[in-house]
Undergrad: 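The structure's right below; bear with me while I get my questions together.
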Amino acid sequence: MMFCHLWGMVHYVYILASRSCGALYTGRSRNLRTRVEAHRAGLSAHTEKYNIKRLVWFEEHTDFDASLRRERAIKRWRRDWKIVLITNANPNWHDLTAQIPS
């Protein structure tokens, strides 16, 4: 996995929330830190409108197609499935921005 970080080939699928069990946003990015900063700066209409700024879940993928399939699948999920996914990985819904690999 380190090879991917060195060469910038990691793709992230992520979920942001307004608060615990609040409004959710699912997305995908090659540069997760920059993308989260963009959401927080209000550069996405949906996340700005619903004050969705807390990174509560993310996973790494080594290939574009896999990340795209995963993002699309999660976007089709029922809301309660997304809440279970987040809660299993992050029970207190803490902001995970500090855990983004550099």
Undergrad: Is any side-chain heavy atom of S67 closer than 4.5 Å to one of R30?
TA: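 The answer is no; the side chains never approach within 4.5 Å.
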Undergrad: Is there a continuous path of hydrophobic side-chain contacts, each under 4.5 Å between heavy atoms, that joins W77 to V84?
TA: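 Result: no, two separate clusters.
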Undergrad: Report yes if some heavy atom in the side chain of L96 is under 4.5 Å from a heavy atom in the side chain of N90; otherwise report no.
TA: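 Side-chain contact under 4.5 Å: yes.
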Undergrad: What is the distance from atom CG of D63 to atom CE of M9, rounded to the nearest 0.5 Å?
TA: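 It comes to 8.5 Å.
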Undergrad: Show your reasoning for whether side chain to side chain contact (heavy atoms under 4.5 Å, CB included) applies to Y12 and R35.
TA: CA-CA 10 Å; Y12 295 94; R35 187 65 181 127; over 6 Å; no
Undergrad: Do L85 and W57 come close enough that some side-chain heavy atom pair is under 4.5 Å?
TA: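 Side-chain contact under 4.5 Å: yes.
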Undergrad: Working to the nearest 0.5 angstrom, can you tell me the gap between I52 CD1 and S18 OG?
TA: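 Separation between the atoms: 6.0 Å.
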Undergrad: Under 4.5 Å between any side-chain heavy atoms of K82 and I74, yes or no?
TA: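 Yes. Closest side-chain heavy atoms under 4.5 Å.
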Undergrad: Under the salt bridge (charged side-chain N to carboxylate O under 4.0 Å, His left out) rule, what do R33 and E37 come out as? Steps first, then yes or no, please.
TA: CA-CA 6 Å; R33 189 171 305 281; E37 289 171 8; 5.7 Å; no
Undergrad: Is it true that the side chains of W93 and T87 contain a donor and an acceptor less than 3.5 Å apart?
TA: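 Judged by distance alone, the side chains do pair up.
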Undergrad: Is there side-chain contact between I15 and F58, with at least one heavy-atom pair below 4.5 Å?
TA: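 Side-chain contact under 4.5 Å: no.
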Undergrad: Would you mind reporting whether T97 and R40 have side-chain heavy atoms less than 4.5 Å apart?
TA: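 They are in side-chain contact.
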Undergrad: Mind telling me whether H46 and Y25 have parallel, tilted or perpendicular rings, with 30° and 60° as the class edges?
TA: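 Rings of Y25 and H46: tilted, as their planes differ by 30° to 60°.
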Undergrad: Distance from R79 atom CZ to L24 atom CG, nearest 0.5 Å?
TA: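 It comes to 4.5 Å.
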Undergrad: Within the structure provided, determine whether L68 and R28 are in side-chain contact (heavy-atom separation under 4.5 Å).
TA: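 Sidechains of R28 and L68: in contact.
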Undergrad: When hydrophobic residues are tied together by side-chain contacts of less than 4.5 Å, even through go-betweens, does V13 share a cluster with L55?
TA: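 V13 and L55: separate clusters.
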Undergrad: Measuring from S20:OG to I86:CD1, what's the distance to the nearest 0.5 Å?
TA: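 Answer rounded to 0.5 Å: 9.5 Å.
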Undergrad: Pairing donors with acceptors under 3.5 angstrom, does anything connect the side chains of H61 and E59?
TA: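 A pair is found: one side chain offers a donor N or O, the other an acceptor, under 3.5 Å apart.
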Undergrad: If you define the side chain from C-beta out and look only at heavy atoms, does anything of R54 sit under 4.5 Å from R19?
TA: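 Of all side-chain heavy-atom pairs linking R19 with R54, at least one is under 4.5 Å.
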Undergrad: How far apart are the closest heavy atoms of P101 and E60, and which atoms are they?
TA: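 What the structure gives for the nearest pair is CG-OE2, 3.0 Å.
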Undergrad: Classify the side-chain pair N31/S29 by whether it contains a donor and acceptor separated by less than 3.5 Å.
TA: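 Per modelled atom types, N31 and S29 side chains form no pair under 3.5 Å.
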